[in-house]
Amino acid sequence: MVNRVIVGAHYGLRGWIVQRVSAVLITLYVLLWLGILVVARPADFTQWRALFSGQAMKIVTWLFLVSLLLHSWVGMRDILMDYAKPTSVRFALEVLVVVLLVAWGGWAMQILWSL
Amino acid sequence: MEAHTTAAAGKRARPKYLDITRIRQPVPAIASILHRISGFGLFLAIPFLLYAFQLSLQSPEAYGAVLGNPLAKLLVIGLAWALFHHLFAGIRFLLMDMQPGLQLQHARASAFIAIVAAIVCALALGAFLW
(Lines give C-alpha, C1' and ligand atoms only; values in the text may rest on other atoms or scores of the structure.)
Protein backbone atom coordinates (compact mmCIF):
# COMPACT_ATOMS: atom_id res chain seq x y z
CA MET A 1 0.00 0.00 0.00
CA VAL A 2 1.52 3.24 -1.09
CA ASN A 3 0.21 6.29 0.68
CA ARG A 4 1.03 8.76 -2.00
CA VAL A 5 0.01 12.36 -1.40
CA ILE A 6 -1.05 13.68 -4.79
CA VAL A 7 -0.69 17.32 -3.83
CA GLY A 8 2.58 19.00 -2.97
CA ALA A 9 6.05 19.55 -4.31
CA HIS A 10 8.16 17.65 -6.84
CA TYR A 11 5.34 16.53 -9.11
CA GLY A 12 5.63 19.48 -11.44
CA LEU A 13 9.04 19.41 -13.13
CA ARG A 14 8.06 17.16 -16.01
CA GLY A 15 4.90 19.18 -16.61
CA TRP A 16 6.93 22.37 -16.51
CA ILE A 17 9.31 21.07 -19.19
CA VAL A 18 6.44 19.74 -21.37
CA GLN A 19 4.74 23.15 -21.07
CA ARG A 20 7.87 25.04 -22.16
CA VAL A 21 8.86 22.72 -25.03
CA SER A 22 5.30 22.52 -26.41
CA ALA A 23 5.00 26.32 -26.10
CA VAL A 24 8.07 26.75 -28.31
CA LEU A 25 6.73 24.24 -30.89
CA ILE A 26 3.33 25.99 -30.96
CA THR A 27 5.07 29.35 -31.45
CA LEU A 28 7.10 27.92 -34.36
CA TYR A 29 3.88 26.68 -35.99
CA VAL A 30 2.23 30.09 -35.54
CA LEU A 31 5.29 31.68 -37.20
CA LEU A 32 5.06 29.12 -40.02
CA TRP A 33 1.43 30.18 -40.49
CA LEU A 34 2.38 33.84 -40.58
CA GLY A 35 4.85 32.93 -43.33
CA ILE A 36 2.20 30.95 -45.24
CA LEU A 37 -0.30 33.82 -45.01
CA VAL A 38 2.26 36.34 -46.23
CA VAL A 39 4.09 34.26 -48.89
CA ALA A 40 1.67 31.59 -50.20
CA ARG A 41 -1.56 33.55 -49.54
CA PRO A 42 -4.16 30.74 -49.78
CA ALA A 43 -7.05 32.76 -51.23
CA ASP A 44 -9.74 30.24 -52.10
CA PHE A 45 -11.03 26.78 -51.28
CA THR A 46 -8.85 24.94 -53.82
CA GLN A 47 -5.64 26.51 -52.55
CA TRP A 48 -6.71 26.02 -48.93
CA ARG A 49 -7.33 22.32 -49.52
CA ALA A 50 -4.14 21.90 -51.53
CA LEU A 51 -2.19 23.41 -48.65
CA PHE A 52 -3.19 20.55 -46.35
CA SER A 53 -3.06 17.74 -48.91
CA GLY A 54 0.72 17.35 -48.76
CA GLN A 55 2.05 14.79 -46.31
CA ALA A 56 4.61 17.22 -44.84
CA MET A 57 1.96 19.80 -43.91
CA LYS A 58 -0.19 17.07 -42.36
CA ILE A 59 2.67 15.83 -40.21
CA VAL A 60 3.75 19.33 -39.15
CA THR A 61 0.13 20.24 -38.32
CA TRP A 62 -0.28 16.99 -36.41
CA LEU A 63 2.88 17.68 -34.37
CA PHE A 64 1.50 21.15 -33.62
CA LEU A 65 -1.79 19.63 -32.46
CA VAL A 66 -0.03 17.11 -30.22
CA SER A 67 1.97 20.00 -28.70
CA LEU A 68 -1.26 21.97 -28.26
CA LEU A 69 -3.01 19.08 -26.50
CA LEU A 70 -0.04 18.43 -24.18
CA HIS A 71 0.20 22.16 -23.46
CA SER A 72 -3.55 22.28 -22.74
CA TRP A 73 -3.18 19.38 -20.35
CA VAL A 74 -0.50 21.12 -18.27
CA GLY A 75 -2.44 24.39 -18.26
CA MET A 76 -5.78 22.84 -17.37
CA ARG A 77 -4.10 20.79 -14.65
CA ASP A 78 -2.64 24.00 -13.19
CA ILE A 79 -6.06 25.65 -13.25
CA LEU A 80 -7.78 22.63 -11.66
CA MET A 81 -5.10 22.39 -8.97
CA ASP A 82 -5.81 26.01 -8.04
CA TYR A 83 -9.61 26.10 -8.12
CA ALA A 84 -11.11 22.58 -7.99
CA LYS A 85 -10.72 22.02 -4.29
CA PRO A 86 -12.02 18.67 -3.10
CA THR A 87 -9.53 16.16 -4.57
CA SER A 88 -12.36 13.95 -5.84
CA VAL A 89 -13.86 16.82 -7.86
CA ARG A 90 -10.44 17.77 -9.19
CA PHE A 91 -9.70 14.18 -10.17
CA ALA A 92 -13.03 13.82 -11.99
CA LEU A 93 -12.44 17.07 -13.91
CA GLU A 94 -8.87 16.00 -14.75
CA VAL A 95 -10.19 12.74 -16.19
CA LEU A 96 -12.75 14.71 -18.20
CA VAL A 97 -10.00 16.98 -19.59
CA VAL A 98 -7.85 13.99 -20.58
CA VAL A 99 -10.80 12.27 -22.30
CA LEU A 100 -11.63 15.49 -24.20
CA LEU A 101 -8.01 16.05 -25.27
CA VAL A 102 -7.59 12.46 -26.50
CA ALA A 103 -10.91 12.65 -28.37
CA TRP A 104 -9.96 15.97 -29.99
CA GLY A 105 -6.59 14.48 -30.98
CA GLY A 106 -8.31 11.56 -32.69
CA TRP A 107 -10.75 13.89 -34.41
CA ALA A 108 -7.90 16.11 -35.66
CA MET A 109 -6.05 13.07 -37.03
CA GLN A 110 -9.19 11.96 -38.85
CA ILE A 111 -9.70 15.44 -40.36
CA LEU A 112 -6.11 15.63 -41.59
CA TRP A 113 -5.79 12.14 -43.06
CA SER A 114 -9.23 11.93 -44.64
CA LEU A 115 -8.19 14.63 -47.12
CA MET B 1 6.23 36.57 -9.94
CA GLU B 2 4.12 37.78 -7.05
CA ALA B 3 7.14 37.96 -4.76
CA HIS B 4 8.77 40.53 -7.01
CA THR B 5 5.73 42.71 -7.35
CA THR B 6 4.74 42.74 -3.70
CA ALA B 7 8.27 43.06 -2.31
CA ALA B 8 8.01 46.85 -2.61
CA ALA B 9 4.98 46.86 -0.31
CA GLY B 10 7.38 45.81 2.46
CA LYS B 11 6.00 46.16 5.96
CA ARG B 12 2.90 48.06 4.95
CA ALA B 13 -0.20 46.72 6.70
CA ARG B 14 -1.93 44.01 4.72
CA PRO B 15 -5.54 44.60 3.68
CA LYS B 16 -8.09 42.91 5.88
CA TYR B 17 -10.54 42.31 3.05
CA LEU B 18 -10.39 39.99 0.08
CA ASP B 19 -12.95 41.85 -2.00
CA ILE B 20 -11.89 41.29 -5.59
CA THR B 21 -13.58 44.54 -6.71
CA ARG B 22 -11.51 46.59 -4.23
CA ILE B 23 -8.12 44.98 -4.82
CA ARG B 24 -6.08 46.97 -7.32
CA GLN B 25 -3.83 44.48 -9.07
CA PRO B 26 -0.38 45.47 -10.32
CA VAL B 27 0.14 45.27 -14.10
CA PRO B 28 2.16 42.00 -14.01
CA ALA B 29 -0.67 40.38 -12.03
CA ILE B 30 -3.18 41.51 -14.68
CA ALA B 31 -0.97 40.11 -17.46
CA SER B 32 -0.73 36.88 -15.47
CA ILE B 33 -4.46 36.40 -14.84
CA LEU B 34 -5.25 37.32 -18.46
CA HIS B 35 -2.70 34.69 -19.51
CA ARG B 36 -4.67 32.13 -17.51
CA ILE B 37 -8.09 33.32 -18.73
CA SER B 38 -6.95 33.40 -22.38
CA GLY B 39 -5.45 29.92 -22.03
CA PHE B 40 -8.70 28.56 -20.63
CA GLY B 41 -10.65 30.25 -23.42
CA LEU B 42 -8.35 28.75 -26.05
CA PHE B 43 -8.84 25.31 -24.50
CA LEU B 44 -12.63 25.71 -24.74
CA ALA B 45 -12.27 26.89 -28.35
CA ILE B 46 -10.38 23.78 -29.56
CA PRO B 47 -13.46 21.70 -30.54
CA PHE B 48 -15.11 24.67 -32.31
CA LEU B 49 -11.90 25.43 -34.21
CA LEU B 50 -11.57 21.75 -35.17
CA TYR B 51 -15.17 21.81 -36.43
CA ALA B 52 -14.53 24.99 -38.42
CA PHE B 53 -11.33 23.46 -39.81
CA GLN B 54 -13.20 20.31 -40.86
CA LEU B 55 -15.97 22.35 -42.53
CA SER B 56 -13.48 24.60 -44.32
CA LEU B 57 -11.90 21.58 -46.00
CA GLN B 58 -15.17 19.94 -47.06
CA SER B 59 -16.62 22.10 -49.82
CA PRO B 60 -16.24 25.58 -51.33
CA GLU B 61 -19.66 26.54 -49.86
CA ALA B 62 -18.68 25.48 -46.34
CA TYR B 63 -15.29 27.18 -46.79
CA GLY B 64 -17.06 30.44 -47.60
CA ALA B 65 -19.51 30.04 -44.73
CA VAL B 66 -16.86 29.61 -42.02
CA LEU B 67 -15.77 33.25 -42.06
CA GLY B 68 -18.91 34.47 -43.78
CA ASN B 69 -21.02 35.73 -40.90
CA PRO B 70 -20.11 38.71 -38.70
CA LEU B 71 -20.62 36.73 -35.48
CA ALA B 72 -17.91 34.29 -36.53
CA LYS B 73 -15.62 37.23 -37.28
CA LEU B 74 -16.23 38.68 -33.82
CA LEU B 75 -15.47 35.30 -32.28
CA VAL B 76 -12.28 35.07 -34.35
CA ILE B 77 -11.18 38.50 -33.09
CA GLY B 78 -11.84 37.40 -29.50
CA LEU B 79 -9.89 34.21 -30.06
CA ALA B 80 -7.11 36.13 -31.81
CA TRP B 81 -6.82 38.34 -28.74
CA ALA B 82 -6.64 35.23 -26.52
CA LEU B 83 -3.97 33.69 -28.77
CA PHE B 84 -1.87 36.86 -28.98
CA HIS B 85 -2.11 37.59 -25.27
CA HIS B 86 -1.26 34.00 -24.38
CA LEU B 87 1.63 34.07 -26.87
CA PHE B 88 3.12 37.41 -25.76
CA ALA B 89 2.63 36.85 -22.04
CA GLY B 90 4.00 33.32 -22.52
CA ILE B 91 7.14 34.58 -24.29
CA ARG B 92 7.51 37.03 -21.41
CA PHE B 93 7.33 34.18 -18.88
CA LEU B 94 9.87 32.09 -20.83
CA LEU B 95 12.28 35.04 -20.98
CA MET B 96 11.83 35.61 -17.24
CA ASP B 97 12.69 31.93 -16.67
CA MET B 98 16.00 32.70 -18.34
CA GLN B 99 16.63 35.63 -15.99
CA PRO B 100 16.31 38.97 -17.78
CA GLY B 101 13.52 41.34 -16.85
CA LEU B 102 13.15 40.33 -13.22
CA GLN B 103 13.54 43.85 -11.83
CA LEU B 104 10.19 45.34 -10.85
CA GLN B 105 10.29 48.14 -13.43
CA HIS B 106 11.21 45.79 -16.29
CA ALA B 107 8.57 43.27 -15.22
CA ARG B 108 5.96 46.05 -15.16
CA ALA B 109 7.01 47.39 -18.55
CA SER B 110 7.07 43.97 -20.24
CA ALA B 111 3.66 43.09 -18.76
CA PHE B 112 2.24 46.36 -20.07
CA ILE B 113 3.78 45.75 -23.51
CA ALA B 114 2.35 42.20 -23.68
CA ILE B 115 -1.16 43.42 -22.76
CA VAL B 116 -1.15 46.32 -25.24
CA ALA B 117 0.53 44.37 -28.08
CA ALA B 118 -2.10 41.61 -27.85
CA ILE B 119 -4.96 44.13 -28.12
CA VAL B 120 -3.27 45.93 -31.04
CA CYS B 121 -2.61 42.66 -32.92
CA ALA B 122 -6.20 41.42 -32.38
CA LEU B 123 -7.62 44.73 -33.64
CA ALA B 124 -5.24 44.67 -36.63
CA LEU B 125 -6.46 41.18 -37.52
CA GLY B 126 -10.04 42.40 -37.13
CA ALA B 127 -9.38 45.27 -39.54
CA PHE B 128 -7.76 42.79 -41.95
CA LEU B 129 -10.81 40.48 -41.82
CA TRP B 130 -13.37 43.22 -42.41
Side-chain angles (χ1 to χ4, degrees), chain A residues 16-17 19-24 26-31 33-34 37-38 42-53 57-58 61 64-65 68-83 93 96-97 100-115, chain B residues 1-2 20 32-68 76 79-98 114 117-118 121-122 124-125 128-129:
Chain A
W16 186 87
I17 291 170
Q19 187 177 47
R20 262 65 182 174
V21 173
S22 59
V24 171
I26 292 166
T27 307
L28 289 177
Y29 188 79
V30 169
L31 289 176
W33 258 104
L34 263 180
L37 287 180
V38 172
D44 58 22
F45 175 71
T46 325
Q47 290 173 10
W48 177 250
R49 221 181 131 92
L51 186 62
F52 287 98
S53 52
M57 188 61 179
K58 285 180 187 178
T61 301
F64 153 73
L65 280 159
L68 183 71
L69 297 176
L70 287 171
H71 193 84
S72 302
W73 163 244
V74 179
M76 288 303 290
R77 182 170 169 271
D78 284 348
I79 290 178
L80 291 173
M81 281 195 296
D82 280 354
Y83 307 125
L93 288 172
L96 176 69
V97 168
L100 284 175
L101 291 175
V102 171
W104 294 342
W107 185 15
M109 196 172 217
Q110 186 235 325
I111 294 172
L112 284 171
W113 273 279
S114 63
L115 269 180
Chain B
M1 214 93 9
E2 288 309 286
I20 202 156
S32 178
I33 193 64
L34 288 178
H35 186 247
R36 172 161 288 195
I37 291 168
S38 59
F40 183 65
L42 289 169
F43 167 81
L44 292 181
I46 291 174
F48 300 99
L49 291 174
L50 277 176
Y51 183 60
F53 182 53
Q54 186 174 38
L55 278 182
S56 75
L57 290 167
Q58 264 167 11
S59 67
E61 295 75 37
Y63 172 86
V66 167
L67 271 182
V76 166
L79 277 176
W81 169 78
L83 174 70
F84 286 129
H85 184 84
H86 206 78
L87 182 64
F88 296 152
I91 290 170
R92 174 174 175 269
F93 287 143
L94 282 190
L95 288 176
M96 289 177 110
D97 282 352
M98 297 184 289
C121 285
L125 189 89
F128 175 76
L129 280 178

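So you know, we letter chains A, B, ... as the sequences are listed, proteins then strands, and number each from 1.
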Practice problem: Measure distances from A/Ile26 to the heavy atoms of chain B and classify the residue's part below 4.5 Å as side chain, backbone, both or neither. | Solution: neither
Practice problem: Hey, could you give me the CE/CG distance between A/Met76 and B/Leu44, rounded to the nearest 0.5 Å? | Solution: 6.5 Å
Quiz item: What distance separates B/Leu87 CG from A/Leu31 CG, expressed to the nearest 0.5 Å?
Solution: 7.5 Å
Quiz prompt | Region of B/Leu50 in contact with chain A, defined by heavy-atom distances below 4.5 Å | solution = both
Quiz item: Is chain A contacted by the side chain of B/Leu57, its backbone, both, or neither, given a heavy-atom distance below 4.5 Å?
Solution: both
Practice problem: Return the minimal non-hydrogen interatomic distance between B/His86 and A/His71, and the atom names on each side. | Solution: NE2-NE2, 4.0 Å
Self-check item: Nearest-0.5 Å distance, CH2 of residue A/Trp104 to OH of residue B/Tyr51
Solution: 16.0 Å
Practice problem: Give, as side chain, backbone, both or neither, the part of A/Trp73 having an atom under 4.5 angstrom from any heavy atom of chain B. | Solution: neither
Practice problem: Would you name the heavy atoms of B/Ser56 and A/Phe45 that are closest together and state the gap between them? | Solution: O-CE1, 3.2 Å
Quiz item: With ring centroids as reference points, do A/Trp107 and B/Phe53 lie under 6.0 angstrom apart?
Solution: no
Self-check item: Heavy-atom closest contact (B/Ile33 atom, A/Tyr83 atom, distance)
Solution: CD1-OH, 4.2 Å
Exercise. Report yes if the side chains of B/Phe43 and A/Ile79 come closer than 4.5 Å at any heavy-atom pair, otherwise no.
Key: no
Self-check item: Interchain contact, A/Asp78 with chain B, by part (heavy-atom threshold 4.5 Å)
Solution: both
Quiz item: Out of curiosity, A/Leu101 CG to B/Ile46 CD1, how far, rounded to the nearest 0.5 Å?
Solution: 6.5 Å
Exercise. Find out whether B/Asp97 and A/Trp16 are in side-chain contact, i.e. whether some heavy atom of one side chain is under 4.5 Å from a heavy atom of the other.
Key: yes
